[in-house]
Amino acid sequence: MNSNNGRNLVRDADSARDAGQWTKAANLYAEFLQKTPKDFNITVQLANCLKEAGEYDRSLSIYQKALELSATDSDVYLQQGHALKLSDRKAESLASYKKAYQLDPRNQDALRELIALGDTANLGGPEAPSALDVKTIWLDITDLIEYAKHNKSLSGIQRVVANLASYAKKASIDGFRVIPVIPEYDRFRILATNPALVEALTLIFDTPGADRKLIDKAIHAIYASRYEVTPSANDVMVVAGAFWIYPHYDVIARLRLRGMRFGVFIHDLIQIKNPEYVHRDAVEVFQKKLVDILSVSDFVLANSEFVASEVRAYLRDKLNFEIPVKAVLLATELRGRVGRGTLIDQEIVDICKEEFVLCVCTIEVRKNHLYLVRIWEKLRAEFGDKIPKLVFVGKWGWDIDQLQRYLDKLGCIGDWLFVFNGISDDELEYLYERSLFTAYTSFAEGFGLPIGESLVHGKPCIASNTTSMPEVGGRFARYIDPFNLEEGYRAFRQVLTERDDLNAWTKDIRDNFKPRTWERFCFDFYDEVTRYHHDLFGKDAQINCILPSERIIRGGDQALMAQANSKDKIVTFSAGRRSGWSYMESWGVWSVHRRATLEFRSNARPHSQVQIYMRVRCPPEAEAARLTVRCGKQETGLELTSTDKFTAFTGVANEHGLIRIDLVAHGRFITIGDRQCFIGLSALAYCQFDDPLARICVLEKVMLY
């Protein structure tokens with residue numbers, strides 16, 4: 001066969017293959033191989049076409065010939081696995097997929113098949129640290145996994161965690177490895193998992209029409225791969241998702257005493273700064289968990305300069321300690337795509353034949369959709385049907401009764417207003433690309449990702465001038481006051497009636513806007529994490545909260561919320577529970593071991609004697625309950641009753657003003673629920689022992705409590 005004939009055969013075979021004419025393509029490839037039997041690439045193409053034509057036995061024999069030519073090609077084992085699976089030879093297909101993955105752990109298609117077949121055991125993965133010089137960033141992915149259990153697409157916060165996990169598998173991070181963890185905070189266990197499986201889960205979400213069954217299998221594989229780890233002084237742990245979903249952070253306080261560093265990525269403080277837009281229960285949960293996590297954090301990262309400034313203000317105004325806060329601006333880059341797109345709903349296709357303005361966000365009171373509806377009413381009253389349609393894309397959220405009643409009264413849905421819930425990512429991009437421009441008039445945001453998405457698509461955005469939104473859009477978006485309807489009306493009217501201006505604005509975005517990539521965000525995020533670890537390495541972990549003298553310091557959630565809702569700073573003894581204690585309850589806390597320790601920073605003089613009062617009790621039906629208290633070298637024996645009462649003893653602060661109180665319970669104690677409880681602590685106070693006025697002051701407060 002001369003070279004021209006060979007090239008023509010391959011060209012014709014490729015054309016037939018691309019047209020889906022599998023048998024024709026196979027015959028042409030086979031004819032070429034009769035003269036050049038050792039051409040590896042064409043051998044693989046022949047096998048692939050035979051497989052697609054349903055000739056599985058023939059395809060498998062050709063795959064074997066390909067492996068004789070190149071025994072370490074991961075993709076051939078992958079394709080052979082497909083042919084075996086289609087032949088109902090599950091065990092052999094599983095072995096072929098495993099071989100493909102072992103040859104190339106980057107082969108996500110092979111890993112996905114292993115997940116689908118339910119066999120990801122013995123794939124390998126990171127080992128627990130075995131040497132002192134191993135440095136690890138433990139990335140908490142609990143929020144990502146919990147969200148994945150109930151959804152088929154990722155929201156903004158979970159997308160952050162997913163990208164951090166995926167980036168860490170591909171990049172070198174200043175001598176650190178990054179391992180995802182799914183801790184059991186309530187059981188004081190940190191459990192690591194296989195990074196490859198986490199990345200595979202993310203890629204499933206990035207595939208159009210994500211398969212719910214495959215997602216569930218991926219989650220099961222991730223849980224099955226977990227193993228317990230004990231972070232050390234070489235390590236840092238970071239929570240980048242929804243920190244308020246965890247029961248408590250007591251295990252973090254313990255790990256910090258061993259030298260581990262801990263940081264949290266905060267997306268917004270809307271629950272605190274704008275509670276009118278959030279359900280009351282959610283506000284309380286967020287407030288409690290924010291104090292909880294800040295009390296054990298070495299540093300805070302925030303998704304914008306605006307949020308960073310709010311966190312600093314919260315630390316200054318509501319807490320009595322400071323920790324460093326740094327902004328790491330989120331990405332505006334669109335997510336990666338895997339596989340073919342899905343079909344676009346016909347209603348969306350029809351809408352895109354006309355002009356429309358797009359608004360993408362959850363439909364809830366904070367997002368201010370009613371503002372846009374009223375502006376469109378005014379525009380239609382002036383210009384009639386010449387005004388473009390308005391399209392809302394997002395799930396129905398919280399506190400939308402007023403909006404729904406208003407829309408029902410107008411009868412505008414399906415006329416000039418269209419609302420889409422649960423559409424695919426492909427359909428969303430289809431709308432973005434065909435929109436005239438976008439609107440994002442939310443009252444308050446931590447970031448405002450749809451503004452960036454709009455600009456990435458080359459579409460202008462009219463956005464709110466509040467919170468972080470101007471930081472996201474920069475000079476490429478235009479801003480209005482979301483509380484001023486007339487101002488908003490004038491802004492939208494001007495853009496819709498002056499099309500030359502809109503065209504110039506659009507061109508400027510397409511020519512000059514540069515999206516911030518996820519790779520850049522992840523690099524900056526891990527750069528800050530490693531920098532904080534370097535700065536703090538070898539230094540003693542500091543107890544964040546300072547308990548001031550000469551005042552009653554309560555514990556429990558009720559006390560915390562009372563202070564949060566007042567002008568007072570939030571000060572509880574929660575962060576002083578060093579060991580032996582259960583989780584905080586509404587009234588205070590139980591010790592769940594006979595031996596428990598309190599340790600807190602004070603403003604007592606170094607090495608000075610202090611007078612201490614603790615309001616304690618034992619469980620009901622406890623017998624012969626007594627308490628031994630040691631503080632410094634001083635030891636005191638106290639009686640315990642089932643009624644809360646203050647007991648007094650003396651102790652000594654150490655050279656740094658730190659007060660450590662060791663408690664030992666004696667007697668017979670009962671079980672409460674699933675816990676054996678010993679000492680109930682609801683309040684404490686202290687003062688300098690050699691200051692008579694201070695002692696009288698504290699005693700009066702104790703007697704009146």
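We're numbering straight along the sequence, starting at 1. What you are looking at is a predicted structure, and each value in this text was computed from that prediction instead of being measured.
Atoms CD1 and SG, from I670 and C618 in turn, are 9.0 Å apart once rounded to the nearest 0.5 Å. Between atom CZ of residue F573 and atom CG of residue L684 there is a gap of 6.5 Å, rounded to the nearest 0.5 Å. Interatomic distance, Y185 OH to I245 CD1, rounded to the nearest 0.5 Å: 9.0 Å. Atoms CG and CD, on N603 and E550 in that order, are 8.0 Å from each other to the nearest 0.5 Å. I363 CD1 to N368 CG: the interatomic distance, rounded to the nearest 0.5 Å, is 13.0 Å. For the atom pair CD1 (I252) and CG (L257), the distance works out to 11.5 Å, reported to the nearest 0.5 Å.
Panel note: side chain H279, backbone D281; a donor-acceptor pair is recorded below 3.5 Å. Under a 3.5 Å cut-off, the side chain of T572 and the backbone N or O of S574 do form a donor-acceptor pair. At distances below 3.5 Å, at least one donor-acceptor pair connects side-chain atoms of R594 with backbone N or O atoms of G667. H248 places no side-chain N or O within 3.5 Å of a backbone atom of S582 that could act as its donor or acceptor partner. A donor-acceptor pair under 3.5 Å is absent between the side-chain atoms of D399 and the main chain of Y277, judged by distance alone. For the pair D691 (side chain) and A694 (backbone), a donor-acceptor distance under 3.5 Å is present. At distances below 3.5 Å, at least one donor-acceptor pair connects side-chain atoms of K569 with backbone N or O atoms of L319. Of the possible donor and acceptor atoms, none in the side chain of D298 sits under 3.5 Å from a partner among the backbone N and O of G263. Within the 3.5 Å criterion, the main-chain N or O of A444 finds a donor-acceptor partner in the side chain of S442. S225 places a side-chain N or O within 3.5 Å of a backbone atom of N194 that can act as its donor or acceptor partner.
Between F447 and L329 the shortest side-chain heavy-atom distance falls below 4.5 Å. Contact annotation: the side chain of R695 never approaches that of D690 to less than 4.5 Å [non-hydrogen atoms, C-beta and beyond]. Taking 4.5 Å as the limit, every side-chain heavy atom of N274 sits out of range of all side-chain heavy atoms of F443. Here the side chains of Q676 and V592 are not in contact, with every heavy-atom distance at 4.5 Å or above. In this structure, C631 and I612 have side chains that are in contact, with non-hydrogen atoms separated by less than 4.5 Å.
Under the 6.0 Å cut-off for aromatic ring centres, Y532 and H534 do not qualify, their centroids lying 6.0 Å or more apart. The six-membered or imidazole ring of Y526 lies away from that of F176, with a centre-to-centre distance of 6.0 Å or more.
Applying the side-chain hydrogen bond (donor to acceptor under 3.5 Å, both in side chains) test to D216 and every residue at least two apart in sequence or in another chain returns R212.
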Would you check, one step at a time, whether the test side-chain contact (heavy atoms from CB on, under 4.5 Å) holds for V300 with I323?
CA-CA 7 Å; V300 174; I323 50 179; 3.7 Å; yes
Going through the distances and angles, do V365 and I400 end up as a side-chain contact (heavy atoms from CB on, under 4.5 Å)?
CA-CA 6 Å; V365 62; I400 54 174; 5.8 Å; no
Is there a side-chain contact (heavy atoms from CB on, under 4.5 Å) between I190 and L255 once you walk through the steps?
CA-CA 10 Å; I190 306 298; L255 291 170; 3.9 Å; yes
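For E322, the CD atom is loosely surrounded, since the number of other residues' heavy atoms within 6.0 Å does not exceed 12. More than 12 heavy atoms of other residues, nucleotides or ligands shown are found within 6.0 angstrom of NE2 on H607. More than 12 heavy atoms of other residues, nucleotides or ligands lie within 6.0 Å of CZ in R675, so this atom counts as buried by the packing criterion.
Using bins of under 30°, 30° to 60° and over 60° for the plane-to-plane angle, the ring pair Y249/Y246 lands in the perpendicular bin. A tilted orientation is assigned to the rings of H533 and F537, their planes being inclined by 30° to 60°. The aromatic rings of W244 and F286 lie tilted to each other, with the angle between the two planes from 30° to 60°.
With Y686 as the fixed residue, the ring-ring contact (aromatic ring centres under 6.0 Å, His included) test singles out one of F646, F649, F600, Y613: F600. Checked against M584 for a side-chain contact (heavy atoms from CB on, under 4.5 Å), the options L560, V589, D250 give a single hit: V589.
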